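Worksheet: one structure, shown below.
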Amino acid sequence: MPERSLPEIVEDRSTWRLMTTRAKLETVIICATFVLYTVFALKLLLFSRPPGSERSFNLVPFASISHYLFSSSSDVRRFAFSNIAGNVLLFIPLGSDLSVLTKWTVARTMLIVASASVAVEILQGVFALGASDIDDVILNCLGGLIGIPLFLLLRVIVRDRERVRTVVAVLSVVALPVLSYLLFVIRLRM
């Protein structure tokens, strides 16, 4: 092993410190965005309606989805698109962010996504905060399942977990104004 001069050793240490500080900063950014996303999701799913305003249950898989798809009413079709797309899109960040922030398997990540979705549906039913629907759980899980391969695809493209964190941190910074707008400016009406 060749001898290294003192400036080379100091340069390596300062680079290492910079990289770990950068990694910590990126992780804080991702976590902060994840917290804001969680607040937005809870606001949308649990706190956008007054308690006791609506209570309905559907435990038959694909019953609501098929009703939406085969309805002749344009109002139902409009609601169907926002409900189906919204349930899928809302849980994509959960699957991708959990994949970035943890080293869990796909199965464990999906278990957390499914558990979160079931918990939301139970809370909606118990407190009459909306429709408790197995189709929502299915669509939420589909969203989480889309988020995980997006992270894996990013890892294949970038080829380095540290750089993936950097890309996700940048995307999180871009998403912050959007989430802030959705959370604080738009009045959620359902």
Side-chain angles (χ1 to χ4, degrees), residues 1-2 4-46 65 81-121 135-186 188:
M1 188 167 177
R4 294 175 45 183
S5 67
L6 185 59
E8 290 174 334
I9 294 170
V10 171
E11 185 179 321
D12 284 349
R13 286 184 182 166
S14 65
T15 303
W16 179 82
R17 286 185 189 136
L18 178 65
M19 293 298 283
T20 55
T21 301
R22 179 178 167 180
K24 288 177 184 177
L25 178 63
E26 290 167 353
T27 302
V28 166
I29 289 169
I30 294 167
C31 288
T33 307
F34 185 73
V35 167
L36 189 60
Y37 154 76
T38 302
V39 169
F40 168 72
L42 289 174
K43 167 87 169 124
L44 178 67
L45 296 171
L46 297 177
I65 294 171
F81 176 76
S82 66
N83 188 36
I84 290 172
N87 276 306
V88 172
L89 292 173
L90 187 62
F91 274 70
I92 289 174
L94 184 59
S96 61
D97 286 353
L98 285 176
S99 298
V100 171
L101 295 171
T102 67
K103 293 184 180 182
W104 293 342
T105 63
V106 171
R108 187 170 186 186
T109 302
M110 278 308 301
L111 180 64
I112 299 300
V113 169
S115 298
S117 180
V118 168
V120 164
E121 295 303 316
D135 289 353
D136 289 350
V137 173
I138 292 168
L139 294 169
N140 295 341
C141 288
L142 178 62
L145 196 56
I146 291 170
I148 295 167
L150 286 176
F151 164 74
L152 296 173
L153 177 64
L154 186 60
R155 246 176 83 182
V156 167
I157 292 169
V158 176
R159 297 182 186 201
D160 179 18
R161 192 169 180 94
E162 298 303 315
R163 288 186 182 160
V164 169
R165 184 178 36 237
T166 301
V167 170
V168 172
V170 169
L171 291 173
S172 295
V173 168
V174 170
L176 272 174
V178 174
L179 285 172
S180 298
Y181 176 77
L182 292 173
L183 185 60
F184 298 111
V185 177
I186 294 178
L188 300 172

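Just so it is clear, the structure is predicted and the values come from calculations on it, not from any experiment.
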Rounded to the nearest 0.5 Å, what's the gap from [atom1] on [X] to [atom2] on [Y]? Could you check?
X	Y	atom1	atom2	answer
Ile92	Asp97	CD1	CG	11.5 Å
Leu98	Leu94	CG	CG	4.5 Å
Leu152	Ser96	CG	OG	10.5 Å

(message) According to side-chain hydrogen bond (donor to acceptor under 3.5 Å, both in side chains), who are the partners of Thr166, at least two apart in sequence or on a separate chain?
(response) Glu26

(request) Under the side-chain contact (heavy atoms from CB on, under 4.5 Å) rule, what do Val100 and Leu154 come out as? Steps first, then yes or no, please. (result) CA-CA 10 Å; Val100 171; Leu154 186 60; over 6 Å; no

(request) Tell me, please, which residues at least two apart from Glu121 pass salt bridge (Lys or Arg N to Asp or Glu O under 4.0 Å). (result)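 Testing Glu121 for salt bridge (Lys or Arg N to Asp or Glu O under 4.0 Å), a comparison that skips the adjacent residues, returns none.
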
(message) Looking at every heavy atom in both Tyr37 and Phe91, which two are closest together, and how far apart are they?
(response) OH-CA, 3.8 Å

(request) Please report the closest heavy-atom contact between Gly95 and Ile148, naming both atoms and the distance. (result)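 Looking at all heavy atoms of both residues, the shortest contact is O-CG1, 3.7 Å.
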
(message) Which residues pass the side-chain contact (heavy atoms from CB on, under 4.5 Å) test with Leu42, not counting sequence neighbours?
(response) Thr38, Leu46, Phe47

Distance-only check: which donor-acceptor pairs under 3.5 Å involve side-chain atoms of residues 167-177, not counting sequence neighbours?
from: Ser172; atom 1: OG; to: Val168; atom 2: O; distance (Å): 2.8

(message) I'd like to check the ring-ring contact (aromatic ring centres under 6.0 Å, His included) partners of Phe151; sequence neighbours left out, ordered by chain and number.
(response)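 Phe151: no ring-ring contact (aromatic ring centres under 6.0 Å, His included) contacts found.
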
(message) Give me each pair satisfying side-chain hydrogen bond (donor to acceptor under 3.5 Å, both in side chains) with a member in residues 102-112, each pair once, sequence neighbours excluded.
(response)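 Listed by first then second residue: nothing to list.
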
(request) Any side-chain hydrogen bond (donor to acceptor under 3.5 Å, both in side chains) involving residues 136-153? Give me the pairs, sequence neighbours left out, ordered by first then second residue. (result)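 Non-adjacent pairs meeting side-chain hydrogen bond (donor to acceptor under 3.5 Å, both in side chains): Asn87-Asp136, Ser117-Asn140.
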
